Amino acid sequence: QVQLVESGGGLVQAGGSLRLSCAASGRTLSRYAMGWFRQAPGKEREFVAAIVWSGTNIYYADSVKGRFSISRDNAKNTVYLQMNSLKPEDTAVYYCVADSRGRATSLPIDYWGQGTQVTVSS
């Protein structure tokens, strides 16, 4: 079993930045892809970014390319999401995910965190 705990969410003005962190525990995450999904009110959960365990392959949703950056520290079992140039439409609950079978870019996903709220004011 893997536990994922997100932190770093909050309220920020449009154009600002936030850095989300996700600490994993329970088992080694070598070979697990990790990433982030988000869900805005009234909308379906959507993919944001993902990184394979080696860090060599990284994936982004078109809506965040050039603004968000994902990274991971395998020694700390932690994945990060640096979010710059935030827009009101980025407002959502952000979920950390870990998946052993693929790239963590689409469902199904093995493990989910509890989510952290990001609110971008205009």
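None of these values were measured; they are calculated from a predicted model.
For Gly35 against Ala104, the heavy-atom pair with the smallest separation is N-CB, 4.4 Å. For the residue pair Leu20 and Val118, the shortest heavy atom distance occurs at CD2-CG2, 4.0 Å.
Phe68 and Val12 end up in the same hydrophobic cluster when Ile, Leu, Val, Met, Phe, Trp and Tyr side chains are linked at under 4.5 Å. Hydrophobic cluster membership is shared by Leu107 and Tyr59, with clusters built from Ile, Leu, Val, Met, Phe, Trp and Tyr side chains linked at under 4.5 angstrom. When hydrophobic clusters are built by joining Ile, Leu, Val, Met, Phe, Trp and Tyr residues whose side-chain heavy atoms come closer than 4.5 Å, directly or via intermediates, Val48 is not grouped with Ile109.
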For the pair Thr78 and Asp73, evaluate side chain to side chain donor-acceptor pair (under 3.5 Å) and give the outcome as yes or no after the intermediate values.
CA-CA 5 Å; Thr78 301; Asp73 184 337; over 6 Å; no
Start with the C-alpha distance between Gln114 and Glu6, add both sets of side-chain angles, then the distance that settles side chain to side chain donor-acceptor pair (under 3.5 Å), and finish with yes or no.
CA-CA 7 Å; Gln114 82 288 351; Glu6 303 98 335; 3.2 Å; yes
Side chain to side chain contact (heavy atoms under 4.5 Å, CB included) between Tyr32 and Trp53: does it pass, once the steps are laid out?
CA-CA 5 Å; Tyr32 274 71; Trp53 79 276; 5.5 Å; no
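Every side chain to side chain donor-acceptor pair (under 3.5 Å) that Arg67 has, sequence neighbours left out, goes to Asp90.
The OG1 atom of Thr91 lies 10.0 Å from the NZ atom of Lys43; values are rounded to the nearest 0.5 Å. Note that CD1 of Ile70 is 8.0 Å distant from CH2 of Trp36, once rounded to the nearest 0.5 Å. Note that the CE atom of Met34 and the OG atom of Ser71 stand 11.0 Å from one another [nearest 0.5 Å].
Between Tyr95 and Phe37, a ring centre-to-centre spacing not shorter than 6.0 Å is recorded.
Tyr80 pairs in a side-chain contact (heavy atoms from CB on, under 4.5 Å) with only one of the listed residues (Cys22, Cys96, Ser21, Ser69), which is Ser21.
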